[in-house]
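Here the structure comes first, spelled out in structure tokens, and everything after it is commentary.
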Amino acid sequence: MEKIKIIIADDHPLIRQGICKVLELDKDLLVVAEVSNGIDLLEKMAEFAADIILLDINMPGENGIELTKKIKEKYSKVKIIILTIHDDEDYIFEAYKAGASGYILKDVDPDELIRAVKTVYTGIPYIHPSISEKVLNVVSRRREEENSLSSPCRLLSERELEVLSLLASGLSNKEIASQLFISEKTVKNHVSNILKKLGVKDRTQAAVLAIKEGIV
């Protein structure tokens, strides 16, 4: 089996050396370069056909997320594992969004680090066990946010949402006007705008959509 070629990118020499010693204990792994900043990393990428980059998220100059984007644009087959002290959800999400294949913490066990490298090399994403639940939570939350942004209800103003909620609850224009302390004519105008923005034909369709989107 050909050795898995790795570049370690971290601005702390002791961390780089420690990671290098751990990885080279495994006969299948080969560290081809160590760098301390993004400029050197991009130069080494051009020099060595690396398979894996272990990348610190807090690199001098461009951070690890920006470097991940840049590397994946030019070297799409290279796998990037973010190595960091951060277990913040936003860091995790942005790393994977940028194209990272793995996310592990710097206090990782040596065997776990080797396992992460080999797993990512095969094309399977790797998440540090202690933050796997956070990853699932952030992905779920972001999906909900994306769904809410795609809903036509996002086009409605705050007042129109209030009118739609009352409309879907079965109130007449007169009752809505009374509850919101506005004229019945104003309610009619709001209803007309709501139907137009939602792309529906009548109050019933608007009510069904409101219920579906959880407005009621």
Side-chain angles (χ1 to χ4, degrees), residues 1-139 142:
M1 174 184 172
E2 189 175 340
K3 290 194 175 187
I4 300 171
K5 294 182 285 294
I6 304 160
I7 294 178
I8 302 168
D10 193 296
D11 59 329
H12 296 93
L14 282 175
I15 291 177
R16 290 200 309 272
Q17 291 167 20
I19 293 172
C20 183
K21 287 181 179 178
V22 167
L23 296 178
E24 292 194 332
L25 289 173
D26 191 289
K27 61 181 178 59
D28 297 326
L29 309 181
L30 174 65
V31 176
V32 294
E34 298 176 35
V35 298
S36 61
N37 58 69
I39 294 173
D40 288 347
L41 173 58
L42 294 172
E43 288 180 357
K44 294 298 182 183
M45 287 295 300
E47 183 178 349
F48 296 99
D51 302 302
I52 302 281
I53 299 174
L54 279 170
L55 178 59
D56 179 22
I57 206 167
N58 290 322
M59 293 283 284
E62 288 184 295
N63 63 36
I65 291 173
E66 291 303 317
L67 283 168
T68 296
K69 292 178 185 175
K70 190 170 287 188
I71 291 166
K72 293 300 289 186
E73 284 174 4
K74 193 168 184 180
Y75 306 97
S76 59
K77 292 184 179 180
V78 173
K79 305 292 194 305
I80 298 173
I81 299 174
I82 298 293
L83 185 64
T84 180
I85 60 172
H86 300 287
D87 63 352
D88 182 85
E89 291 180 358
D90 289 329
Y91 275 113
I92 298 167
F93 180 79
E94 292 302 324
Y96 280 104
K97 188 177 176 183
S101 298
Y103 196 103
I104 55 180
L105 303 181
K106 286 187 176 180
D107 63 356
V108 65
D109 181 90
D111 290 338
E112 195 75 31
L113 177 60
I114 292 171
R115 188 180 301 113
V117 170
K118 290 187 173 183
T119 300
V120 167
Y121 179 71
T122 64
I124 301 172
Y126 186 89
I127 304 167
H128 192 290
S130 68
I131 58 173
S132 58
E133 187 175 347
K134 282 196 172 188
V135 173
L136 293 174
N137 288 339
V138 74
V139 169
R142 297 286 179 148

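Considering only heavy atoms from C-beta on, I7 stays 4.5 Å or farther from V78 through its side chain. Contact of the F48 side chain with the K5 side chain is not registered, since no non-hydrogen atoms from C-beta on lie closer than 4.5 Å. Proximity of L113 to L54: side-chain heavy atoms (C-beta onward) are separated by under 4.5 Å at one or more points.
Remark: I57 CD1 to E94 CD distance equals 9.0 Å, nearest 0.5 Å. Considering CG of D40 and CD of E34, their distance stands at 12.0 Å, rounded to 0.5 Å. Once rounded to the nearest 0.5 Å, the distance linking CE of M59 with OG1 of T84 reads 12.0 Å. Here the straight-line distance linking atom CG of N37 with atom CD1 of I39 works out to 5.5 Å at 0.5 Å rounding. Here L29 contributes atom CG and I52 contributes atom CD1; the two are 9.0 Å apart, rounded to the nearest 0.5 Å. To the nearest 0.5 Å, the span separating OG1 on T122 from NZ on K118 amounts to 11.0 Å.
The pair K44-E47 counts as a salt bridge, with a side-chain nitrogen and a carboxylate oxygen less than 4.0 angstrom apart. Salt bridge annotation for D56-K106: present, with a cationic side-chain nitrogen under 4.0 angstrom from a carboxylate oxygen.
K77 contributes no side-chain N or O that, together with a main-chain N or O of D51, makes up a donor-acceptor pair within less than 3.5 Å.
Taking both residues in full, the closest heavy atoms of I82 and A95 are given as CG1-CB, 3.9 Å, listed atom of the first, atom of the second, then distance. Taking every heavy atom of both residues into account, S36 and D11 meet most closely at O-CB, 3.4 Å.
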Practice problem: Check the pair L41 / L55 against side chain to side chain contact (heavy atoms under 4.5 Å, CB included), numbers first and verdict last. | Solution: CA-CA 9 Å; L41 173 58; L55 178 59; 3.9 Å; yes
Self-check item: side chain to side chain contact (heavy atoms under 4.5 Å, CB included) assessment of L67 paired with I53
Solution: CA-CA 11 Å; L67 283 168; I53 299 174; over 6 Å; no
Practice problem: Could you give me the CA-CA distance, side-chain angles and deciding distance for I71 and L42, then say whether side chain to side chain contact (heavy atoms under 4.5 Å, CB included) is met? | Solution: CA-CA 8 Å; I71 291 166; L42 294 172; 3.9 Å; yes
Practice problem: Quick one: do K69 and I65 satisfy side chain to side chain contact (heavy atoms under 4.5 Å, CB included)? Show the steps, please. | Solution: CA-CA 6 Å; K69 292 178 185 175; I65 291 173; 4.2 Å; yes
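None of I6, T119, V117, V120 except one satisfies the side-chain contact (heavy atoms from CB on, under 4.5 Å) rule with K79; the exception is V120. For the pairing with I19, the side-chain contact (heavy atoms from CB on, under 4.5 Å) check across L14, I8, V31 returns one residue only, I8.
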